[in-house]
Protein chains: 2
Amino acid sequence: MQESLTMLKNSARVDWREARRQSARATVLAAAWEMVRADGLAALPLRDLARHAGITTPTVYAYFDSKNAIFDAMFGEAAESFADSKVELVDKGDHYENLAADAKNFIEFCVSDVARYQLLFQHSVPGFIPSPQSYAPAVRALELTREQLARYGVRDPRQVDVWTALLTGLVDQQISNDPGGDRWTRLVDDVVRMFLTHCSREEDHS
Amino acid sequence: MQESLTMLKNSARVDWREARRQSARATVLAAAWEMVRADGLAALPLRDLARHAGITTPTVYAYFDSKNAIFDAMFGEAAESFADSKVELVDKGDHYENLAADAKNFIEFCVSDVARYQLLFQHSVPGFIPSPQSYAPAVRALELTREQLARYGVRDPRQVDVWTALLTGLVDQQISNDPGGDRWTRLVDDVVRMFLTHCSREEDHS
DNA sequence: GTCTATAGCTGGATAGAC
DNA sequence: GTCTATCCAGCTATAGAC
């Protein structure tokens with residue numbers, strides 16, 4: 001009896017501390033996202049990050065083992081966001097509408113946060129490799145995409161790859177050559193029509 | 001008479017020295033390309049570069065004003081190579097063949113040297129902006145591409161943008177998700193057919 | 001022009017007091 | 001857990017002898 005009460009109190013205190021800890025980690029990560037959004041993924045010195053988060057450099061190490069651990073946590077958050085952006089989509093009735101909505105959703109996800117896109121999809125932090133835990137939601141989201149495409153009539157793995165190439169192509173050109181504009185993203189309806197026509201012709205041939 | 005002879009000898013000596021200088025610069029640049037091809041654009045410390053080129057760090061500064069000047073010269077070389085890769089193409093008779101050849105040529109140019117691709121098209125060296133002189137051949141090459149597409153029947157600027165998005169999409173997916181493989185590059189014929197069909201339908205509608 | 005030596009800076013990470 | 005102070009490694013760039 002006494003023992004179980006002690007355990008309860010201990011676990012409650014542990015939970016409370018753990019919550020504080022998670023909250024502090026989240027504060028640091030929020031500051032990190034602000035900085036990379038403003039100045040790019042490369043511009044994230046721990047000193048500046050700590051100052052932005054209202055703490056000092058050693059304190060950062062109370063919450064993260066290393067700088068790579070920070071990138072890993074950011075990758076995890078980005079992957080979670082990506083997965084979340086997928087499940088929100090609702091069936092609109094026909095394949096074109098569904099695919100167009102999916103495409104616009106993906107493009108918006110990417111161009112609205114270039115740093116996040118580069119971290120998640122372009123492996124552009126030198127020497128950083130995401131841990132399996134952080135990578136898992138990204139895999140889940142890609143699997144969701146595959147399933148959605150299948151529901152929308154796209155089942156050939158080659159066509160799935162064409163689809164991802166189409167979308168990332170629009171995104172990359174937009175980001176690289178017209179940042180902040182819509183020169184490429186506005187082509188999405190054209191491109192979706194092009195893709196669907198192509199897929200239906202391929203099906204006829206098989 | 002004496003004077004003009006002196007001038008001749010002086011200018012000859014100047015030319016000779018200038019040739020030596022250009023040769024030395026080329027040696028450094030060749031070493032730089034080797035290093036970035038092996039370890040990425042970020043991995044180019046001047047110490048290692050100098051050692052690779054068989055000289056010491058201060059000597060590098062005898063040929064280049066700064067590290068950015070080295071990147072600028074590399075950008076210029078990459079842009080020249082890109083322009084050269086364009087003019088080699090010959091007319092094969094029909095639009096599909098010509099476009100497919102153009103596409104394969106571009107894709108091969110990109111995936112055969114990822115570092116060059118990233119430097120030239122992805123602006124991925126933090127803080128580096130190419131000088132107008134280095135940028136000029138890149139502009140020329142893009143203009144060549146536009147003209148070639150026009151000859152092959154693609155004149156709508158929107159379709160030109162779709163074309164560049166298609167190709168960079170294949171390249172980016174290939175580089176990011178299957179480096180060294182051909183999972184996306186092998187889709188090029190499919191994609192060219194898709195694009196051409198789409199363009200001809202758009203024309204019918206106008 | 002080429003070297004040795006080093007300045008000057010910035011970065012990640014740690015020691016140790018509190 | 002949080003700080004002050006500091007270490008140490010790496011980088012670009014320069015000074016000055018030869």
Side-chain angles (χ1 to χ4, degrees), chain A residues 10 13-32 35-36 38-75 115 119 124-129 131, chain B residues 10 13-32 35-36 38-75 115 119 124-129 131:
Chain A
N10 277 346
R13 189 169 59 207
V14 165
D15 285 354
W16 181 81
R17 283 191 179 169
E18 184 59 21
R20 293 281 296 176
R21 182 184 165 79
Q22 289 306 322
S23 162
R25 279 175 60 100
T27 303
V28 173
L29 289 179
M35 290 177 65
V36 297
D39 299 324
L41 274 178
L44 191 63
L46 287 185
R47 290 197 219 315
D48 299 1
L49 171 57
R51 193 166 43 78
H52 247 80
I55 55 179
T56 59
T57 310
T59 307
V60 175
Y61 282 90
Y63 299 117
F64 299 94
D65 287 342
S66 67
K67 187 170 185 184
N68 262 1
I70 297 176
F71 278 123
D72 198 53
M74 294 174 77
F75 187 97
L119 177 63
S124 63
V125 177
F128 165 65
I129 299 171
S131 66
Chain B
N10 277 347
R13 190 167 59 204
V14 165
D15 286 353
W16 182 81
R17 282 191 179 170
E18 184 59 22
R20 292 280 295 179
R21 182 183 166 79
Q22 290 306 323
S23 161
R25 279 175 61 100
T27 302
V28 173
L29 290 179
M35 290 177 65
V36 296
D39 299 322
L41 274 177
L44 192 63
L46 288 185
R47 284 193 240 290
D48 300 1
L49 171 58
R51 194 166 42 78
H52 248 79
I55 56 179
T56 59
T57 310
T59 307
V60 174
Y61 283 89
Y63 299 118
F64 298 93
D65 287 343
S66 68
K67 188 172 183 180
N68 263 0
I70 297 175
F71 278 123
D72 199 53
M74 293 174 78
F75 187 97
L119 176 63
S124 62
V125 177
F128 165 65
I129 300 170
S131 65

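Being a predicted model, the structure only gives us computed values, none of them experimental. Just so it is clear, the values below take in all heavy atoms, side chains as well, and ignore hydrogens, waters and symmetry mates. Note on naming: letters A, B, ... go to the chains in the order of the sequence lines (proteins, then strands), and numbering restarts at 1 for each one.
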Visitor: Looking only at side-chain N and O atoms, does Tyr63(B) come under 4.0 Å of OP1 or OP2 in dT2(C)?
Guide: yes
Visitor: Could you tell me the separation between the CZ atom of Phe128(A) and the CG atom of Leu119(A), rounded to the nearest 0.5 Å?
Guide: 5.5 Å
Visitor: How many angstroms lie between CD1 in Ile129(A) and CG in Asn68(A), if you round to the nearest 0.5 Å?
Guide: 9.0 Å
Visitor: Could you state the atom-to-atom distance from CH2 of Trp16(B) to C1' of dG1(C) in whole Å?
Guide: 12 Å
Visitor: Where the side chain of Pro58(A) is defined as all heavy atoms beyond and including C-beta, which of dT4(D), dG12(C), dC11(D) is the nearest nucleotide?
Guide: dT4(D)
Visitor: Arg51(B) CZ to dT4(C) P: how many Å, rounded?
Guide: 14 Å
Visitor: Between Thr56(B) and dT2(C), does any side-chain N or O lie under 4.0 Å from OP1 or OP2?
Guide: no
Visitor: So which heavy atom on Met35(A) is nearest to which on Ala43(A), and how close?
Guide: CE-O, 4.2 Å
Visitor: When the distance from OH of Tyr61(B) to C1' of dT4(C) is rounded to whole Å, what number comes out?
Guide: 16 Å
Visitor: Output the rounded distance in Å from CG (Asn68(A)) to P (dA13(C)).
Guide: 8 Å
Visitor: Which nucleotide in the list dG11(C), dT2(D), dA13(D) gets nearest to the side chain of Thr59(A)?
Guide: dT2(D)
Visitor: Return the 5'-most residue of the pair Asp65(A), Gly54(B) with respect to DNA chain C, ranking by each residue's nearest nucleotide.
Guide: Gly54(B)
Visitor: Could a donor-acceptor pair under 3.5 angstrom be found where the side chain of Arg47(A) meets the base of dG12(C)?
Guide: yes
Visitor: Rounded to whole Å, please give me the gap between CG in Asp48(A) and P in dG11(C).
Guide: 6 Å
Visitor: Which value, rounded to the nearest 0.5 Å, describes the distance between Lys67(B) atom NZ and Leu49(B) atom CG?
Guide: 8.5 Å
Visitor: Atom CG of Leu46(B) to atom P of dA5(C): distance rounded to whole Å?
Guide: 20 Å
Visitor: If I take atom CG in residue Leu49(A) and atom P in nucleotide dT10(C), what distance separates them, rounded to the nearest angstrom?
Guide: 18 Å
Visitor: How many whole angstroms separate atom CG of Asp39(A) from atom P of dG11(C)?
Guide: 12 Å
Visitor: Touch check for Ile70(A), heavy atoms < 4.0 angstrom, all strands: base, sugar-phosphate only, or nothing?
Guide: nothing
Visitor: Ignoring the backbone of Lys67(B), work out which of dA13(D), dC3(D), dG12(C) is nearest its side chain.
Guide: dA13(D)
Visitor: Rounded to the nearest 0.5 Å, what separation is found between the CZ atom of Arg21(A) and the OH atom of Tyr63(A)?
Guide: 7.5 Å
